[in-house]
Amino acid sequence: MSDLDARAEAAGILGEYRDLYGTWHDTPPETKAALLAAMGQDADASPHSRTLPRWHVCTHAEPPSLGVRGPWQITLEDGRGFEGEGRLPALPMGRHRLDAAEEVCWLLSAPPRLPLPERDWGLMVPLACLRPADQGGIGSFADLAVVAEGAAAQGAGFLGINPIHAGFHVADPGGFSPYTPSHRRRLAPLYLPTGSAAAPGPIVDFAQETPARLAELEAQFRAAPPGAAFDAWLRHEGEDLQQFALHQALSEKLGAYWDAWDPAYQDPASPQVAQAARDLDERVRFHAWLQYAAEGAVTDAQRRAKAAGMAHGLYLDLAVGTHPHGAETWTDRANFATGASLGAPPDAFAPQGQNWRLAPFNPVVLEATGFEALALTLRQQLRFSGMLRIDHIIGFERAYWVPDEEGLPGAYVKMPREAMFAVARIEAARANAVIIGEDLGVIPDGLHHAMDESGLLGCRLACFEHEGDPPAFKRPEHYDEAVIASFTTHDLPTWKGWRAGREIDTRVEIGLTPPDHANGMRDWRGREIAGFDWLSGQFRGELPPEAPEAMFHVLAATKARLVAVQVEDVLDSDVQPNLPGTVSEYPNWRQRLPLGPQAIADTPVLANAGRIMEASGRRRKS
């Protein structure tokens, strides 16, 4: 084995992988060198041996099994410290630093398994689209609270939404994708409620509506300057918040993406940035206030959801990565790989492979810092929710990195799965929350078992749960228990759209599917529909097979602990995916719902869904 190969192996860069079709791909030396550089590792250096591991997972309140020779010192997560020699003591839950023999090992003291939630169900809504076409405007956290209260009245135990991370709304309103955030530990202020009027229309126009909303928020800030409570919050949030707010103020002057800034401003520790902080003090305070207001609004929405009877309240979504040149990487450069992006190898969906243009966590730095960035990211989401979906949980096992250097193929980087799962258990246990891992697609061997052992729920989409031709759909009693089940999800067609083959038509229109292949896909969809209708016929009674309630009956009967219902199906809506020039792969990011927040809860189909779920033991008796 060459020094490069040994170095790459020690850093977790896999030397080969097998694709969807069973073909093995070797990782070329050039890719190994590029990914090592992205981690900040010297490709020519040799890995050194250690006496202690970099981390060790143990059960809280029990002595760790890790053997340590000689004296040691432990610094608990809360800052308390003590020394000893020989066997390590039982530790409280948390991430604790062990120093021994001039080495550092992070002790991840976690519950062995999270408890599964009781049988329940909830509603999924696209937050930005909660204002109907005749009203216009962007849906707000206040609208979210109204929907939560109404859904709770029908028995729903949670309300799920798209990611609400801070985006590029200040300097690039067109960069609205919730899955390409600027900072995952900060919130998007564009969802703060305002009284501003917007032009009606079926599509949310972020580029037009976001500046108007931010302008009104600034007017509110100037008309009623925040007082002592805000100042106390600023002191509590400390330097991290100040750095984020400074980034936002700088981006107003220099542009949305820091890689295009003058080099003097690309380093948060530069003298020029320090001077800018003084010069822009009022703008920094305004952007900090936006976070203060957003946190208050989300907290209030969660409070109202729980007060209305929801067991879990808000169900938030954590994006798999962050923009490589947004606020998160500017303020915390070390925790992210520089020179590589997250993506996916070629498969049936994208034969050319995928580059998501998202910065991955650097596993070398995660391990060296006791997974602090991961813990803080999870903790911030769980401050405001009772459930959290981790997008692409496969990234806790391995992540596909694509080098920035043109022409180099990507490779898989092994992630410290056991440690990352332990951190997730620690943060979920502290918040008494449920963690769902999006585990769709090609899953590495052992990941589902590891999720089940940790008490992390998986995702099951009924539209894909079949085998054979003609397709035989999985019976409800054969579903896994530790999952959340739904028919589709936010990036797939609605129930009505699926039955019409709407996404097949759209893929032809935008050139992803050759027209001569489309007829075969439509024929296959017809067989899928027939297969599902046969299954639902055993549960739906006298309902017609095309009724959304027919599908709800199947979901309600599954063994899955949780069931999610899409609002578009409650409204019996045929939402079409966005056409060329928009974000075509996510149909309900921009298309407004036909009814407003209050009316959604009063729809007969939602009431029917509540009765169906109650009959299957998913609705709590009041």
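This structure is a prediction, so every number in the text was calculated from the model and none was measured. We number each residue from 1, following the sequence as shown.
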Contact between [X] and [Y] at the side-chain level, heavy atoms closer than 4.5 Å - yes or no?
X    : Y    : result
L234 : L241 : yes
P403 : T31  : yes
R283 : H287 : yes
F158 : L314 : no
I74  : P89  : yes

Write out all pairs satisfying side-chain hydrogen bond (donor to acceptor under 3.5 Å, both in side chains) with one or both partners inside residues 396-410, taking only residues at least two apart or from two chains.
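Residue pairs with at least one partner in residues 396-410: E397-R417.
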For residues 432-449, pull every pair meeting side-chain hydrogen bond (donor to acceptor under 3.5 Å, both in side chains), keeping only residues two or more places apart or in separate chains.
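Qualifying pairs: D439-H448, D439-R460, H449-E453.
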Side chains of [X] and [Y], donor plus acceptor under 3.5 Å:
X    : Y    : answer
Q266 : W261 : no
W258 : T329 : yes
Q248 : E252 : no

Would [X] and [Y] pass as an ion pair if we require N to O under 4.0 Å?
X    : Y    : answer
D5   : R7   : no
E418 : R54  : no
D267 : R333 : no

Taking all non-hydrogen atoms of both residues, which atom of [X] and which atom of [Y] are closest, and how far apart?
X    : Y    : result
A340 : P360 : O-CD, 3.5 Å
P112 : T59  : CD-CG2, 3.9 Å
V365 : T369 : O-OG1, 2.8 Å
A564 : S486 : O-CB, 3.3 Å
M93  : R430 : O-NH2, 3.4 Å
H165 : P181 : CB-CB, 3.6 Å

Quick one: are the ring centres of [X] and [Y] less than 6.0 Å apart?
X    : Y    : answer
Y179 : H490 : yes
H169 : F176 : no
W356 : H323 : no

For [X], give me all partners under side-chain hydrogen bond (donor to acceptor under 3.5 Å, both in side chains), at least two apart in sequence or on another chain.
X    : value
S454 : R425
W106 : none
D279 : Q275

Crowding at CZ, R50 (>12 non-hydrogen neighbours, <6.0 Å):
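Yes.
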Only one of L66, V104, L91, T75 clears side chain to side chain contact (heavy atoms under 4.5 Å, CB included) with L98; which?
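Looking at L66, V104, L91, T75, the match for L98 under the side chain to side chain contact (heavy atoms under 4.5 Å, CB included) is L66.
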Which class fits the ring pair W233 and Y292: parallel under 30°, tilted 30 to 60°, perpendicular over 60°?
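Ring orientation, 0 to 90° scale: tilted.
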Honestly, is R184 close enough over F361, meaning NZ or CZ under 6.0 Å from the six-membered ring centre and within 45° of the axis?
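Satisfied, under 6.0 Å and within 45°.
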With sequence neighbours excluded, what pairs up with D259 under the salt bridge (Lys or Arg N to Asp or Glu O under 4.0 Å) test?
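Checked D259 against salt bridge (Lys or Arg N to Asp or Glu O under 4.0 Å); zero matches.
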Under the side-chain hydrogen bond (donor to acceptor under 3.5 Å, both in side chains) test against Q380, which residue among R185, E427, E295 passes?
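Testing Q380 for a side-chain hydrogen bond (donor to acceptor under 3.5 Å, both in side chains) against R185, E427, E295 leaves exactly one candidate, E295.
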